[in-house]
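Proteins come first, then strands; the chains are lettered A, B, ... in the order of their sequence lines, and each starts at number 1.
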Amino acid sequence: MSTQSNKPKARLPRGLVDRHGAELTATRAMLDKIRAVYELYGFDALETPAIEYTDALGKFLPDQDRPNEGVFSFQDDDEQWLSLRYDLTAPLARHVAEHFDALPKPFRSYRAGFVFRNEKPGPGRFRQFMQFDADTVGAPSVSADAEICMMAADTLEAVGIARGDYVIKVNNRKVLDGVLEAIGLGGEENVGRRLTVLRAIDKLDKIGVDGVRDLLGAGRWENPEAKSGDFTKGAGLEGGAIDKVLAFVNAGTGVEGLARLVDVVGENAAGRAGVEELQLIAALITAAGYDDGRILIDPSVVRGLEYYTGPVYEAELTFQVKDENGRPVRFGSVAGGGRYDGLVARFRGEAVPATGFSIGVSRLLHALAHLGKMDAEPEIGPVVVLVMDKQPERIADYMKMVSDLRANGIRAEMYLGGAGMKAQMKYADKRNAPAVIIQGSNEKDAGEVQVKDLVEGKKIAAGITDNAEYRAARPAQFAVKEGELVDAIRGILERRAAPTLGLAD
RNA sequence: GCAGGUGUAGCUCAGUUGGUUAGAGCGCCGGUCUGUGGCACCGGAGGUCGGUGGUUCGAGCCCACCCACCUGUACCA
């Protein structure tokens, strides 16, 4: 056994990220804005844990062959299976079912938190990411759905996406169910094929109408022209049935699309109910003025999840951004949701209608960064008191300065490393410190400290090319009496916070 | 899972027909008791060349298998 190379490699599992600095600040700011809108609409905060019993999250328990398919699962000491939540909706359903009698109905709540998916990560796809949900449980009316859509629109604008740069698309599962029933895919025995159809439609924007047609029929090659790569088995529908599904998908948006849907569903009861619901939603958003492009009826939106039972919605960003290679960046949907009347009923037996939606916080933040709407200003660091002299009584002096600054509400710290002055200056620079405080024995004897404004200093130093001159210049540095230290620092901080008028430039 | 691609320092990469102790740039860390961020100067840390086995006197280089990562695709209850 070799004794070397037993060191663990410092590395993060794939699909996970560390976040810090400006990104964290921006996340916090965005969460605050979303929360403000949700509360304005009358939703209350609710927090649930990241871990639930596996059977509370969904139908499938991990088994021997696929212990962690999709979700991260593990066994408790009593052998019950636990899982990390993969969304915030299932835990909400559990909470409502568990405390049903005590809650006001309808129950209106919001929650933000990390969710976990044990899937292959990719660009913009992580195994841990943050969602911010709002749900109304116990309201059967489509008014609840319409309200959620309007709130989604308001929220996107609140976080900085301009009107016209996004659209909330609305559809209704019942319409699709009606179509599927009409082509003979109704009933329990066709669950699998229905899901296949759902997913095929979901890929419309990615692979186009012809691609969807292939997936509805026999199947599709990864590279259709060459018939190479991976082959995806299709739903195996007949030509007529395919046409019917495509007619639904291609019905078109808005009022005209709605009119065409009436023909597509024909006499099918579920389909007609779905169209009626969409008509009601359309009327509500029109009355509220959200029909100006903010919210749009669009039959091509289906959402991949199986548990939706009625209206479904998806927020899409419509602006184009190019990446560093000049290729257009696709942000995909940044939020989505729908009605899930069966989810609470799983626990209670009685029907409990519910509707809600979910914002992909990480993805939205990513999009905002591309829009240049993310405040990427680095935090102002602490004032750093340099340690010029390592005798204990002098250290005590430095600590006193720090505590005086802190007592006045100024972020400050004494340098705690072991390096010399040059390194301490570099440290302060890297921490984005607004100023450093220098007191060697000369300053100490005079009852003074040297205060150096690092921001001003940097500007002045930029004009100096000669090293000796640079070292001698000590730009933006001045002496103050020990008692005036706090005021001097406060002055520097005020200058930093205020917008510069450009007079010095 | 499938297809293709890539593996040499933290990053970007050199490394000759197989030949001593594997290099560069950038980055990182520091520079002798009163000193100063950037530039310049000096010094330093950091690699069992993705792993294992094989061929060979000798492998970063050749062969086999494995692994990891990237891109696409599928799956995503």
Side-chain angles (χ1 to χ4, degrees), chain A residues 2-7 9-11 13-15 54-55 57-63 66 68-71 73 83 86-87 90 115-123 125 127 191-192 195-196 198-200 202-203 206-207 211 215 219-224 226 228-234 303-307 343 384 386-391 394 417-433 435-446 450-477:
Chain A
S2 72
T3 51
Q4 60 187 344
S5 189
N6 288 339
K7 286 180 293 186
K9 197 166 164 111
R11 64 199 182 122
R14 62 199 176 136
T54 303
D55 63 357
L57 289 182
K59 301 185 272 214
F60 295 128
L61 283 168
D63 59 41
R66 324 188 326 171
N68 280 305
E69 187 76 2
V71 296
S73 303
S83 294
Y86 61 86
D87 70 14
V115 301
F116 307 85
R117 295 196 185 168
N118 193 4
E119 296 162 6
K120 187 190 164 187
R125 292 167 61 96
R127 295 203 292 177
V191 169
L195 218 51
T196 306
L198 221 60
R199 288 176 193 148
D202 208 27
K203 294 194 175 71
K206 210 165 166 185
I207 62 179
L215 282 179
R220 178 173 186 269
W221 290 97
E222 188 179 333
N223 305 303
S228 66
D230 217 15
F231 183 76
T232 310
K233 199 170 182 311
R303 313 263 319 143
L305 291 176
E306 201 181 10
Y307 58 62
L343 228 44
V384 175
L386 303 193
V387 174
M388 309 304 297
D389 193 333
K390 288 177 180 147
Q391 296 162 30
R394 298 293 292 117
M421 180 174 186
K422 189 176 169 75
Q424 296 192 35
M425 289 297 295
K426 285 167 86 162
Y427 171 79
D429 190 42
K430 196 168 267 186
R431 290 296 308 277
N432 200 28
V436 294
I437 294 164
I438 304 161
Q439 191 191 51
S441 60
N442 287 356
E443 290 89 0
K444 174 69 176 169
D445 292 343
Q450 291 281 330
V451 172
K452 178 160 183 162
D453 181 332
L454 290 186
V455 178
E456 280 304 310
K458 190 170 215 158
K459 276 190 207 160
I460 297 167
I464 304 175
T465 50
D466 179 68
N467 193 23
E469 189 191 344
Y470 173 78
R471 289 162 68 110
R474 300 191 177 179
Q477 183 172 329

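Between the side chain of A:K206 and the base of B:rU73 there is no donor-acceptor pair of N/O atoms closer than 3.5 Å. Between the base of B:rG72 and the side chain of A:K120 there is a donor-acceptor pair shorter than 3.5 Å.
OP1 and OP2 of B:rG37 both lie 4.0 Å or more from every side-chain N or O belonging to A:K452. OP1 or OP2 of B:rU36 has at least one side-chain nitrogen or oxygen of A:R471 nearer than 4.0 Å. Side-chain nitrogen and oxygen atoms of A:Y470 include at least one within less than 4.0 Å of the OP1 or OP2 phosphate oxygen of B:rG37.
The distance from the CG atom of A:L386 to the NZ atom of A:K452 is 10.0 Å, given to the nearest 0.5 Å. Summarising the geometry, atom CZ belonging to A:R125 is positioned 6.0 Å from atom CD belonging to A:E119; distances are rounded to the nearest 0.5 Å. Between atom CE of residue A:M388 and atom CZ of residue A:R394 there is a gap of 10.0 Å, rounded to the nearest 0.5 Å.
Checking A:R199 against A:R474, the closest nucleotide of RNA chain B that is more toward the 5' end is the one next to A:R474. Both A:D466 and A:M388 sit near RNA chain B, but only A:M388 has its closest nucleotide nearer the 5' end.
A distance of about 12 Å separates the P atoms of B:rC28 and B:rA40, rounded to the whole Å. Using C1' as the reference atom, B:rG44 and B:rG51 are 31 Å apart when rounded to the nearest Å. Rounded to whole Å, the P atom of B:rG30 lies 46 Å from the corresponding atom of B:rU73. Using P as the reference atom, B:rG10 and B:rG46 are 11 Å apart when rounded to the nearest Å. Going from the C1' atom of B:rU55 to that of B:rC63 covers 7 Å, rounded to whole Å. The gap from the C1' atom of B:rA9 to that of B:rA45 amounts to 11 Å, rounded to the nearest Å. A distance of about 8 Å separates the P atoms of B:rG18 and B:rC62, rounded to the whole Å.
Considering only the side chain of A:L454, B:rG37 comes nearest among B:rG30, B:rG37, B:rC75. Of all nucleotides listed (B:rC76, B:rC39, B:rG37), B:rC39 comes nearest to the side chain of A:N467. Nearest nucleotide to the A:K430 side chain, out of B:rU36, B:rU73, B:rC29: B:rC29. Here the side chain of A:R14 is nearest to one of B:rU36, B:rC69, B:rC29, namely B:rC69. When the nucleotides B:rG37, B:rG35, B:rG31 are ranked by their closest atom to the side chain of A:K458, B:rG37 comes out on top. Of the candidate nucleotides B:rG35, B:rA74, B:rG30, B:rG30 has the atom nearest to the side chain of A:A419. In this structure, the nucleotide among B:rG72, B:rG31, B:rU36 sitting nearest to the side chain of A:Q477 is B:rU36. The listed nucleotides are B:rG35, B:rC75, B:rG31; the one nearest the side chain of A:K203 is B:rC75.
Within 4.0 Å of A:A461, counting heavy atoms only, lies no atom of the nucleic acid at all. Using a 4.0 Å heavy-atom criterion, one finds that A:K426 contacts the sugar-phosphate atoms exclusively. In this structure, A:L386 reaches neither bases nor backbone, as no heavy-atom distance under 4.0 Å exists between it and the strands shown. Nucleic acid contact class of A:D453 (heavy atoms, under 4.0 Å, all strands): base. Using a 4.0 Å heavy-atom criterion, one finds that A:G420 contacts the sugar-phosphate atoms exclusively. When heavy atoms are screened at a 4.0 angstrom cut-off, A:Y86 is found touching base atoms of the nucleic acid. No engagement by A:R220 is indicated, since no non-hydrogen atom pair under 4.0 Å with the nucleic acid exists.
Atom C1' of nucleotide B:rC41 and atom NZ of A:K422 are separated by 10 Å, given to the nearest angstrom. Across the protein-nucleic acid pair, A:F231 atom CZ and B:rU73 atom C1' stand 13 Å apart, rounded to whole Å. At whole-Å resolution of the value, CG in A:D429 and P in B:rG30 are 13 Å apart. Note: NZ (A:K444) to C1' (B:rC33) measures 19 Å, nearest angstrom. As a whole-Å value, the separation of A:K233 NZ from B:rC75 P is 13 Å. Remark: P of B:rG38 and CD of A:E469 are 17 Å apart, rounded to the nearest angstrom. A straight line from CD1 of A:I437 to P of B:rU36 spans 19 Å, rounded to a whole angstrom. Going from atom CE of A:M421 over to atom C1' of B:rG37 covers 10 Å, rounded to whole Å.
With a cut-off of 3.5 Å on both Watson-Crick or G-U wobble distances, the partner of B:rA24 is given as B:rU12. The nucleotide B:rG1 finds its pairing partner in B:rU73, both defining distances of the Watson-Crick or G-U wobble pair being shorter than 3.5 Å. Under the Watson-Crick or G-U wobble criterion, with both distances below 3.5 Å, B:rA45 is left unpaired in every strand shown. Pair check for B:rA68 finds B:rU6; Watson-Crick or G-U wobble, both atom distances under 3.5 Å.
If you run side-chain contact (heavy atoms from CB on, under 4.5 Å) between A:Q477 and each of A:V451, A:V436, A:I438, A:D453, only A:I438 comes through.
The pair A:D429-A:K458 meets the salt-bridge criterion, since a charged nitrogen lies less than 4.0 angstrom from a carboxylate oxygen.
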Legend entry - Residue pair A:L215, A:I207: steps toward the side chain to side chain contact (heavy atoms under 4.5 Å, CB included) verdict: CA-CA 10 Å; A:L215 282 179; A:I207 62 179; 3.5 Å; yes

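Here the side chains of A:L343 and A:Y307 are in contact, with some heavy-atom distance below 4.5 Å. Two residues are said to be in side-chain contact when any heavy atoms from C-beta on lie closer than 4.5 Å; A:Q450 and A:I437 fail this criterion.
Side-chain N or O atoms of A:Y86 include one that pairs as donor or acceptor with a backbone N or O of A:L57 at under 3.5 Å.
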